[in-house]
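A note on names: the letters A, B, ... follow the listed sequences, proteins ahead of strands, and every chain is numbered from 1. This is a predicted model, so every value here is computed, not measured. In what follows, every heavy atom counts, from backbone to side chain, and hydrogens, waters and symmetry copies are set aside.
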Amino acid sequence: MAEQDRFYITTAIDYPNSRPHIGTAFEKIGADVQARFRRMEGASVHFLMGNDENTNKVTLRARELGLEPKAYVDDMARQFQEVWAALEISNDDFIQTSEPRHHEGCKKFIQAVYDAGDIYPGVYAGHYCTGCESFKTEKEVAEAGGKCPNHPNTPLSWVEEENYYFRLSAFRDRLLAYYAANPDFIQPESRRNEIVSLVEGELKDVAISRKGFTWGIPVPFDETQTIYVWFDALLNYATAAGYGGDEERFARLWPADVHVIGKDITRFHCALWPAMLMSAGVALPRKVFGHGFVYRKNEESGEVAKIGKSMGNVVEPMELIEKFSAEAFRYYFISQCPFGGDGEFSFERFADAYNSGLANNLGNLYSRILTMCLKYFEGDLGSTEGIDLTIWRRGLDVSALTGELREQVGAFDYSGAMQRIWLEVVDAANRYIQETEPFKLAKTDLEATRVVLANVADWMRLTAILIKPFLPRTAETFYRAFDFESAQPWDEVSYGTAATPFSGTSLHVTAPIVNGKPVPLFPKVETR
RNA sequence: GCCGGGGUAGCUCAGUUGGUCAGAGCGGCGGUCUCAUAAUCCGCAGGUCUGGGGUUCGAGUCCCCACCCCGGUACCA
C-alpha cells in the first residue's frame, strides 16, 4: 500500500474510573469524523481507541466493588464500547492496557530505552496518600488545601522512594528541532506555542516507575517496580499497532498520522512521547491535535463549569441519545463546539440547535421533498435524460465549495464546515423550492415540476455526501431516499466527486414510506 | 509573578496585510406561502466594537495604559 494511502488515527485512552461523559464523547466524535472523512478520501484508515487501565485507582475501585481488577476493567471496557457503538464511532481497534499485547510491547520498549542509556535509577519524593496508595502532585494538594482531594481526612505523608527516571532533559534540543522542522506537528497553533515555550524553558527528567504494585506492568530490568502510568499509557499507540508483538503490522501502521487528545495532556504527547520514541529509535507521530473541552452551562444559574463527578454536573451520552438520537448528539457537538476550542453544553442549547438545524431545516426538507415526489409522481420521477440537475445550485460553486470543505475537515474545523454546509447548501434548497414553487407548478406544468424535483433530489444526493463524515446515519438515509446507488455505490462517494450530478438514467423514491408519508427524521421537541 | 489567548447586537460568535467591517447564525418582532415536522421564505437588530490615550487623511483592525475573563507554568489521560 502506498504510504499516502494509509491513515492511522488515535484518541486518548480513558481512565475507567467512571463511565464516559459528554466531554469524553466529544473527543471520540471528533476523531471519528476525521476517520470517516479520510476513508471517503480513499485512505486505508486505522482508527484506535482504548482504555487506560494500569493505574492504581483501578485496584482501589475494584476492591470497593469486591472485584478482581481485571474483571473490573473488562466490564468497564464493555460499558465504554457500548457508548461508542451507540454514537457510531467507527474505531477499528480498542486496546485495553491490561492486555498481554500491551504488556509485551511496553517491556520491549522500556528495555530499548534502558539499553539506549536514557533510564537511570533515582529518588522520587512527594506527597503520598495512604488512602489512594499513590503520590499526589503539588497542584492537586494545593488545590485541595494541603490535603488529598479524595481523602481529606487522611493526612498526607512525605515519602521518598527509589525508582527509575527517564532522561527527558537530554532531548530538549532534538524536540525543538523537530517542532521547527514540522510546524504542523502540534495543532492548534495555540497549543503549539505553549509546548514550544515550555520546552524552550527547562525539561526535567521524569520518574517512570513506581515501587510496590502488583497491578501494572513490571519493569523488565527490575521486577520490584512497575511502569508508571504515562510511560505505559502513551505506548498504547504503538503496542496496539503491533510494536513488540507483530512487527509486520507495526511496520504497516506506524507512525501514527494524528493523535487526537485533550488539551490538558498535550505536553505528554508533544514532549515526553516524542522523546521516548527518539530514545527507542522509533519514528515519531506526524501530528498531535489537542482539542478543547466541553463545559456545562447550568440552565438556572447560567454558570459555566468544567464537567466532573465532583462538580455533580455529569451528563452521560446515553441520556441525550435516548431523548434525541445519536445523530442529534453528533450534530450538536460537531456543529456547536469548535473542535480546536472549547464548547458549551446545556439542554436548552442542545434542544435549540436540534430544532433549528435538524428538525426545521434538514429533516423538514427531507419530508417536503419526498412528499411532493409521492404526491405528484407517485415516487417515480422517471427519466433524467435531458434534465440539468444543477439548476438549483445557481450562484453556488459546488466544486469550489467541496474543495474548501476538504481543507476545513482535514484541518479539524468541523463547526466551520458544518456552518458552511447549512448556510450555503441546505438553505439553498429551501430557497430554491420557495422560489420555483413546485407545489403550484404541479397544478399547471408537471414537466416543469419534475425538473424541479429532480433537482432537489440531486441536492439530497450532494448533501448526503457532504454530511457523511458527520452524520453517517442521516447521510445514508438521504442517499437511500432515491436510487442514487444505481450510479454510484454509497461506499464509493467522496467530496472530490460530489459536485458531479447524478449520472443515473432515472430517479425513484426508495425511502421508507409509512401510511403514504416519509418517516420524520428529526421530530421536533418542545423546549420549555 | 511569568508566558499565551481573549473582551464585537439578548445569546453564540465571523471580522485577511488599517479605508462598503459594523456582520452571520440563533432567539425576538412583522409579513408571505401551503409541499412540509405551526416547518419554509421575505423584512426588521440602530450595538459608544471593555474603558482611556496615541499613531494616521482614516482603526474592532497598529502602539501605550487600565480593568476583566480564560488557558499554560511539568509528574493532572
> If you compare every side-chain N and O of Lys524(A) against the phosphate oxygens of A39(B) (OP1, OP2), does one of them come in below 4.0 Å?
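Result: yes.
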> OP1 or OP2 of C42(B) versus the side-chain N and O atoms of Arg431(A): is any pair under 4.0 Å?
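So the side-chain polar atoms of Arg431(A) do come within 4.0 Å of the phosphate oxygens OP1 or OP2 of C42(B), strictly under.
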> If you look at every strand shown and take non-hydrogen atoms under 4.0 Å, does Gly363(A) touch a base, only sugar-phosphate, or nothing?
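Base contact.
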> Expressed as a whole number of angstroms, how long is the span from Arg349(A):CZ to G10(B):P?
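In whole Å, G10(B) P and Arg349(A) CZ are 17 Å from each other.
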> With a non-hydrogen cut-off below 4.0 angstrom, is Lys263(A) in contact with a base, only sugar-phosphate, or nothing?
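No contact.
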> Please determine if Arg296(A) forms a cation-pi arrangement with Phe345(A), meaning its NZ or CZ atom is less than 6.0 Å from the six-membered ring centre and no more than 45° off the ring axis.
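No - Arg296(A) does not lie over the ring of Phe345(A) by the 6.0 Å and 45° rule.
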> Tell me: CD of Glu435(A) to C1' of U32(B), nearest whole Å?
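Those two atoms, CD and C1', are 13 Å apart.
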> Would Arg210(A) and Tyr124(A) count as a cation-pi pair here, with the cationic atom under 6.0 angstrom from the ring centre and within 45° of the axis?
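Judged by the rule, Arg210(A) and Tyr124(A) form a cation-pi pair.
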> Please state whether the rings of Phe329(A) and Phe333(A) are parallel, tilted or perpendicular, taking 30° and 60° as the class boundaries.
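Taking Phe333(A) first and then Phe329(A), their aromatic rings sit tilted (interplane angle of 30° to 60°).
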> Atom CG of Asn193(A) and atom C1' of G72(B): how far apart are they, to the nearest Å?
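Taking CG of Asn193(A) and C1' of G72(B), I get 11 Å after rounding.
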> Between atom CD in Glu344(A) and atom P in G71(B), what is the gap in whole Å?
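In whole Å, G71(B) P and Glu344(A) CD are 13 Å from each other.
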> Just to confirm, is there a sub-4.0 Å distance from OP1 or OP2 of A36(B) to any side-chain nitrogen or oxygen of Lys375(A)?
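So the side chain of Lys375(A) is within the cut-off, an N or O lying under 4.0 Å from OP1 or OP2 of A36(B).
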> Within the 4.0 Å heavy-atom criterion, would you say Leu272(A) contacts the bases, only the backbone, or no part of the nucleic acid?
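If one applies the 4.0 Å heavy-atom cut-off, Leu272(A) turns out to touch nothing in the nucleic acid.
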> At 4.0 Å (heavy atoms only), tell me whether Tyr376(A) reaches a base, stays on the sugar-phosphate, or touches nothing.
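Sugar-phosphate contact only.
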> Which of these nucleotides, C75(B), U40(B), C33(B), is closest to any side-chain atom of Tyr228(A)?
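The answer is C75(B), which lies nearest to the side chain.
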> Asn51(A) and Tyr15(A): side-chain donor and acceptor closer than 3.5 Å?
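On atom types as modelled, these side chains do not qualify, holding no pair under 3.5 Å.
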> Identify whether the glycosidic angle of G47(B) places it syn (within 90° of 0) or anti.
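Here the answer is anti: the torsion falls beyond 90° from 0.
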> Tell me, with the steps shown, if Arg172(A) and Glu200(A) meet salt bridge (Lys or Arg N to Asp or Glu O under 4.0 Å).
CA-CA 7 Å; Arg172(A) 179 175 174 275; Glu200(A) 277 175 345; over 6 Å; no
> Can you find a side chain N or O atom of Trp230(A) that sits less than 4.0 Å from OP1 or OP2 on A77(B)?
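Checking Trp230(A) against A77(B): at least one side-chain N or O falls below 4.0 Å of OP1 or OP2.
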> When the distance from CG of Leu198(A) to C1' of G5(B) is rounded to whole Å, what number comes out?
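After rounding, the gap between these two atoms is 17 Å.
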